[in-house]
Amino acid sequence: MLKEYRKTATIKAEQFDGSEEIMNKYGIYKRRTSFTQNSDYVYYLPTKEGDLQTWIGCWIATGVNDEHWAIADEIFKKTYEEVK
């Protein structure tokens, strides 16, 4: 039988802007996608399950056990609201 569930825990999150400050804070590293002059980078966030590809503009969430994961901006805005 299909049941409906709601998240009960709060999280802390900040939007990833590609800055060295946030990269250092979460251990994010980047790799080139190509070796041409106009190459782009792919960012990776280390998580307990392995390295997760991350994009500028996504949200880095921190859970109740200090675990981190990335959430796409559009999904984050649909799923979470700020606690005031």
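None of these values were measured; they are calculated from a predicted model.
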> Is there a donor-acceptor pair closer than 3.5 Å between any side-chain N or O of N65 and the backbone N or O of E67?
Replying inline: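 Side chain of N65 to backbone of E67, a donor-acceptor pair under 3.5 Å: no, none is there.
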> So, the side chain of T54 versus the backbone of L52: is there a donor-acceptor pair under 3.5 Å, distance only?
Replying inline: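 Yes, because the side chain of T54 sits within donor-acceptor range (under 3.5 Å) of the backbone of L52.
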> Side-chain contact, heavy-atom cut-off 4.5 Å: D73 with W55?
Replying inline: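 No, side chains not in contact.
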> Does a side-chain heavy-atom distance below 4.5 Å link I11 with W69?
Replying inline: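 Side chain of I11 against side chain of W69, heavy atoms only: contact under 4.5 Å found.
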> Say you draw a straight line from OH of Y80 to OG1 of T10; how long is it, rounded to the nearest 0.5 Å?
Replying inline: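 It is 10.0 Å, given to the nearest 0.5 Å.
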> To the nearest 0.5 Å, what is the distance between CD (E20) and NZ (K30)?
Replying inline: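 Answer for the CD-NZ pair, E20 versus K30, is 6.0 Å.
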> Between Y43 and F16, how do the two ring planes meet: parallel, tilted or perpendicular, split at 30° and 60°?
Replying inline: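 Y43 vs F16 ring planes: perpendicular.
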>> Would you call the rings of Y44 and Y29 parallel, tilted or perpendicular, taking 30° and 60° as the class edges?
In response: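 Parallel, since the angle between the ring planes stays under 30°.
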> Can you name the nearest heavy-atom pair linking A70 to C58, along with the distance?
Replying inline: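 In terms of heavy atoms, the two residues are closest at CB-SG, 4.0 Å.
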> Do you know the tightest heavy-atom contact between T62 and H68?
Replying inline: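 Closest approach of T62 to H68: OG1-ND1, 2.9 Å.
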> Sequence neighbours excluded, which residues qualify as salt bridge (Lys or Arg N to Asp or Glu O under 4.0 Å) partners of K25?
Replying inline: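 If we apply the salt bridge (Lys or Arg N to Asp or Glu O under 4.0 Å) test to K25, skipping adjacent residues, the hits are E14.
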> Any link between F76 and I60 through a network of hydrophobic side chains (Ile, Leu, Val, Met, Phe, Trp, Tyr) touching at under 4.5 Å?
Replying inline: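 As far as the 4.5 Å side-chain criterion goes, I60 and F76 are not connected within one cluster.
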> In the single-linkage hydrophobic clustering (I, L, V, M, F, W, Y; side-chain heavy atoms under 4.5 Å), do I56 and I28 co-cluster?
Replying inline: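 Yes, one cluster joins them.
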>> For K78, is the NZ atom crowded, meaning more than 12 foreign heavy atoms sit under 6.0 Å from it?
In response: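 No, not enclosed.
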